[in-house]
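Structure first, commentary second.
Being a predicted model, the structure only gives us computed values, none of them experimental.
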Amino acid sequence: MFVRKSTKQNRHCGNGYFYIGMYFRVLLSMLLDSDWTDTEKFFQNEELKQRISKKEIQKIWQQSIQCFENYLNHEIRNKAENGQSLQAVRQEISERCYEEAEKETRLYRLTVPTGAGKTLSSLRFALYRAERTQKQHIIYVAPFNSILSQNADEIRRAVDDPDIVLEHHCNVILSEKKQEKDYKKLTETWDVPIIMTSAVQVLNVLFSGQKRDIRRMHTLCNSVIIFDEVQAIPKKCMELFNLAVNFLTNFAESDVVLCSATQPSIKDLKENNLSECMEMTEIIEKYEEAFRRTDIVDLTETEAYPGGMEIEDLCDFTLQQAETFRNVLVIVNTTECAKQVYEKIKSSCSDEDQVFHLSNKLCPQNKEDTLETVHAALRKNRESGYTGRVICISTPVVEAGVNFSFGCVIRSKAGLDHVIQAAGRGNRHKEYPWFGKIYIVQLTNEAESLEKLPEIQEEQRAVQKLLEQFRSKPEIFEKRLDSSKAIAIYYQYYYQVLQADITKFPAKNYKTTLLEMLGKNCPGRKQYWHKFEQEYKGGMAQAFAT
């Protein structure tokens, strides 16, 4: 019925086979969870404890709301380093999210510029919506562990009760054996009011064949789920993700918020689109102007670097900008390139300068310590009389959720969403009396080898078409590469350069897609015909064991 209704609205939103498969997964999840919990208690000779009741969870939401509002008033809105000139706009966005909690919409997009406080605003919505509609969980999902670690600490402070917040990703470090045992139990069941986890964990819960992942599937039902930086969901998972969100919001009693400063279009796919999606804040252009604090400059085809920059060219350019701005963030696409640039710049700087290197190859604790040191160095750098320079060389690991504020950012050419996220690390709170400079540069193939990174190559082709059009007709983009018009046009180009069926998760060995195998599964039906010489008439033909 849902599929027929959606088709009449000229938006193909999936097929019934896929959604029946999702129902089956929820039932199997409840069976596995009950069976494994009973078995564990039996062998440990322990009494089976009742899980959190509706009455208890309501009390938790009410207490969390009170603590959260106190935190906003005392720690966020009146904190000078958060940029007082932007606080009024952040407060307006927060109020809009609060107002939406009283409505009946199930699927939202929260599209606001970087630095607009979307994490706390979306959480405010989630707390009030969970309390009003008696949800069992709030689930916050982020694509990068660096975002999770930073935001988990803040959310624990905001609700003033660490015991109701579970941080579940591979970089969590525990100091005691008992903590490890308790943590393992919680990650197996997600039996906690607020769950902060990675996109990888949630995609595993939705689609993995591992029983430990399927066990948590029922937890996604009757919940408020926030997907932060949703543009980072892998492109091959796009249609699977869309249909999973449709299932959660239309059939599983869950509310979903898709957060991003660069929301991908939801209207360009021929099939398997998201169902009706409401913008949580409608006046996007107003917020764009309020949070405009950087200028994006295209240097990808400058005469100074014909054919692109070599490592030495990028280092020289970085040091030139460091002389002007006193602090510079450089983001490149590969860890090897970042390492080479860091080592060369480090050898060229004096003892007064502070040069940092960040990538996902650093161990979690080392990365967290480096982030803190960079924050401290930037604060000192802004003090009058400080003569040293701060230079940070990084992979895209810093592009989302990291509260950096540099006067200048240099970004190796990538998708426009990456460029805008990088720009969010520049003049973040309008601390500088100038617009932060964001330079897009082109590196040579030798400097940045991308042969094994086809997705970045596709992004580069799409953004190159955008930059060429921007040079000839900047007025189309409101003379800004970070305008909502530029983002919309970029995604149009990006979908054009994508490989056929890449958004359906190709299963190349079987000459089909994972989406097809979890839906009607025509290849499986054909195999059945060849083996038994009759049409498959069973109720479920999905290839769940794939």
Of all residues at least two apart in sequence or in a different chain, which pass the side-chain hydrogen bond (donor to acceptor under 3.5 Å, both in side chains) check with Glu451?
-> Ser449
Six-ring centre of Phe406, Arg425 cation under 6.0 angstrom, axis tolerance 45° | no
Where does the angle between the aromatic ring planes of Phe207 and Phe18 fall among parallel (under 30°), tilted (30 to 60°) and perpendicular (over 60°)?
-> tilted
Kindly list each side-chain donor-acceptor pair under 3.5 angstrom involving residues 318-325, sequence neighbours excluded, with atom names and distances?
from: Thr318; atom 1: OG1; to: Leu314; atom 2: O; distance (Å): 2.7
from: Glu323; atom 1: OE2; to: Arg389; atom 2: NH1; distance (Å): 2.8

Between Tyr140 and Asp228, does any side-chain donor sit less than 3.5 Å from a side-chain acceptor?
-> yes
Thr262 and Asp417 side chains, donor-acceptor separation under 3.5 Å | no
Check the side chains of Asn381 and Asn327 for a donor-acceptor pair under 3.5 angstrom, ignoring hydrogens and angles.
-> yes
Answer with yes or no whether the side chains of Gln460 and Gln442 bring together a donor and an acceptor at under 3.5 Å.
-> no
When you check the side-chain N and O atoms of Asn333 and Glu448, is any donor under 3.5 Å from an acceptor?
-> yes
Would you check if there is a donor-acceptor pair between the side chains of Thr114 and Gln421 at a distance under 3.5 Å?
-> no
Classify the side-chain pair Thr513/Asp501 by whether it contains a donor and acceptor separated by less than 3.5 Å.
-> no
Does the side chain of Gln340 come under 3.5 Å of the side chain of Glu336 through a donor N or O and an acceptor N or O?
-> yes
Take Glu455 and Lys235 through the side chain to side chain contact (heavy atoms under 4.5 Å, CB included) test and state the conclusion after the steps.
-> CA-CA 8 Å; Glu455 188 164 310; Lys235 299 302 179 288; 3.9 Å; yes
Any chance the side chains of Asn246 and Tyr19 put a donor and an acceptor closer than 3.5 Å?
-> yes
Name the one of Ile296, Val297, Val409 that satisfies side chain to side chain contact (heavy atoms under 4.5 Å, CB included) with Ile440?
-> Ile296
Counting only pairs under 3.5 Å, give me each side-chain donor-acceptor contact of residues 463-473, with atom names and distances, residues two or more places apart or in other chains.
from: Gln464; atom 1: OE1; to: Lys413; atom 2: NZ; distance (Å): 2.6
from: Gln464; atom 1: NE2; to: Glu301; atom 2: OE2; distance (Å): 3.0
from: Lys465; atom 1: NZ; to: Gln496; atom 2: OE1; distance (Å): 3.1
from: Gln469; atom 1: OE1; to: Tyr493; atom 2: OH; distance (Å): 2.4
from: Arg471; atom 1: NE; to: Asp298; atom 2: OD2; distance (Å): 3.0
from: Arg471; atom 1: NH2; to: Asp298; atom 2: OD2; distance (Å): 2.9
from: Arg471; atom 1: NH2; to: Thr300; atom 2: OG1; distance (Å): 3.0
from: Ser472; atom 1: OG; to: Gln469; atom 2: O; distance (Å): 3.0

Just checking, any donor-acceptor pair under 3.5 angstrom between side chains of Asn360 and Thr335?
-> no
Any side-chain donor-acceptor pair under 3.5 Å between Glu239 and Thr503?
-> yes
Shortest non-hydrogen pair, Tyr108 vs Thr105, comes out as OH-CB, 3.2 Å
